[in-house]
Protein chains: 2
Amino acid sequence: MDTAEYQHFAWLARSFGRTDYLPLTPADLEALADAGSYVDKYPGTHLFKEGEESNAAFVIQRGEVELYRSRSSGRRVVGRVRPGAVIGDIAMFQGQPYVSGARAITRVRAFRLERSRLLPLLIEHPVIAMRWLVAGLSQLEATQQRVIRLMHRTVREQVAEVLLDETDDYGEVHLSQSSLADLLGASRQSVNEALASFKSSGAIETGYRVIQVKDPAILEKVAGRAVSVPT
Amino acid sequence: MDTAEYQHFAWLARSFGRTDYLPLTPADLEALADAGSYVDKYPGTHLFKEGEESNAAFVIQRGEVELYRSRSSGRRVVGRVRPGAVIGDIAMFQGQPYVSGARAITRVRAFRLERSRLLPLLIEHPVIAMRWLVAGLSQLEATQQRVIRLMHRTVREQVAEVLLDETDDYGEVHLSQSSLADLLGASRQSVNEALASFKSSGAIETGYRVIQVKDPAILEKVAGRAVSVPT
DNA sequence: GCAATAATGTCGCTAAGGGGACAAACCGGG
DNA sequence: CCCGGTTTGTCCCCTTAGCGACATTATTGC
């Protein structure tokens, strides 16, 4: 049960942290300026901790933030977000505790939207509120699709899928194989086996805590994603 | 891939159709009265069809509605809703086509909220809009938790879980074993095996398209749900 | 540098479960 | 009341993947 629950939070955190989740425009932020203020965080300090009462959402302006979740076996990173990301908002709207913690990696500047001041302001700006909520809705729905896409597939397929999703701008995935396994709910050994097969087919290179994606096309094929085949 | 996609829709439809999803109070409806009107449907007629542009949400007032989804192998029922349920709203908010169709089983009276007239009205009633959207958010989140609770568990556990969730007021689950299997993404054979084991332990009785839950406690134990044990 | 720790790479065993095949029971329409 | 389609109940085979065990490398703290 703990594993499944952890995975849930992991997925939520990962998806909520995606930079493509941008419910707010600069104009919106200006309108909401009264609801919060900028905060600066030094590396290692928390924007919020998991389980804490969710009384604020954050829009990352600069720096990198790590989303983590504690477990019996210590802290586990479940995602990293960059400037532009909005975090903590869905928990805030639901009035639920934060599902994951957020910790600054580099120096971080973020705009902190206070729940108590934000909600009244959103009442005055219903359009923003609705766009925000609908964005959250779509985000959750997309996450759900992702989860269901991973269900009932071989570990090999799942690994290919996740590798494609987690690749950064430099074609690298910065996750240990056991983190990868945790994320999928698979065993480390099976993940390793899948990676070995990808490595031998030249799709990736493996290193210590790093995987370099050399040929995404191969992974896409394995993951069963629509490949545009020239006919 | 078709299977996974179908499963996704099935889960969405099931959760959205739940009667405990009641974002609107009678007072809200009164306020939104201008956005729609009552419609009466004869058995067999559609409130909306799947894939159709979602330009209205419905609040069921009387009668019973069946949510279904077509597939290569014909139509498949994914849920039934009773008076009080709100259907079609989340697709409407997202501006996506309906994920499932809704067909009247008995004579149905429903309040049809027109998207084009509803949205402006919601802008005037931001409190209602926000409650509605947050309800949708929570609903989706609950569905997601449910799906993730089912991941990486034995078919036996999954079946127990689903049986508990789908039991109606009379302690019966009106689903064929293959529907159950589809819902879980398991094979019909494995589901049947699980049911057989429950039957032999006296937890359930099986019939034609019907399963009677005799002893929920046994199922809860198998599903790994917290059982209140007297100490 | 040099442990101590963490991460990767492999092997073999075993259980869970998908899928084919087929019999038996059930139901609804003519 | 009977027939065709659907649903349930069982077998068996074979692949997938979890798990334990262990060797090998990489990293980090001292």
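In what follows, every chain begins at residue 1, and chains take the letters A, B, ... in the order their sequences are listed.
Counting distance only, with no hydrogens placed and no angle test, the side-chain atoms of Tyr208(B) and the base atoms of dT8(D) include no donor-acceptor pair under 3.5 Å. One can find a donor-acceptor pair under 3.5 Å joining the base of dG9(C) and the side-chain atoms of Arg188(A). Checked by distance alone, Glu193(B) brings no side-chain donor or acceptor within 3.5 Å of a matching partner on the base of dG17(C).
What separates CG of Leu184(A) from P of dA17(D) is a distance of 11 Å, to the nearest Å. One atom, CG of Leu180(B), and another, P of dT7(D), lie 13 Å apart when rounded to the nearest Å. Put simply, CD on Gln177(B) is 13 Å from C1' on dC26(C), counting in whole angstrom units. Rounded to a whole Å, the CZ atom of Arg153(B) is 17 Å from the C1' atom of dA15(C). Nucleotide dA7(C) holds its P atom 15 Å from the CG atom of Leu195(A), rounded to whole Å. Distance Arg156(B) CZ to dA15(C) C1': 15 Å, rounded to the nearest Å. Atom CD in Glu157(B) sits about 10 Å away from atom P in dA16(C), given to the nearest Å. What separates CE of Met151(B) from P of dA16(C) is a distance of 20 Å, to the nearest Å.
The side chain of Arg209(A) approaches dA6(C) more closely than any other nucleotide in the set dA6(C), dT10(D), dA17(D). Counting only heavy atoms from C-beta on, Gln189(A) has its side chain closest to dC11(C) among dC11(C), dG9(C), dG17(C). Distance from the side chain of Ser176(B) is smallest to dT8(D) among dT8(D), dA21(D), dT8(C). Taking only side-chain atoms of Ala186(A), from C-beta outward, the nucleotide of dG18(D), dG17(C), dG9(C) with the closest atom is dG18(D).
Side-chain N/O atoms of Ser178(A) include none lying less than 4.0 angstrom from OP1 or OP2 on dA6(C). Remark: Lys199(B) is in phosphate contact with dG9(D), judged by side-chain N or O atoms under 4.0 Å from OP1 or OP2. Using a 4.0 Å cut-off, some side-chain N or O of Ser190(B) falls inside it from OP1 or OP2 of dG18(C). Here Thr154(A) does not reach the OP1 or OP2 of dT16(D): none of its side-chain N or O atoms lies under 4.0 Å away. Between Asn192(B) and dG9(D) there is a side-chain N or O to OP1 or OP2 distance below 4.0 Å.
Side chain of Thr106(B) to backbone of Gly63(B): no donor-acceptor contact under 3.5 angstrom is found. In terms of modelled atom types and a separation under 3.5 Å, the side chain of Arg153(A) and the main chain of Ala223(A) share a donor-acceptor contact. Counting only distance, with no hydrogens or angles, the side chain of Ser190(A) and the backbone of Val155(A) share no donor-acceptor pair below 3.5 Å.
Residue Arg109(A) qualifies as enclosed at atom CZ: its count of foreign heavy atoms under 6.0 Å is above 12.
Applying side chain to side chain donor-acceptor pair (under 3.5 Å) to Thr206(B) and the options Lys199(B), Gln177(B), Gln212(B) leaves one that passes, Lys199(B).
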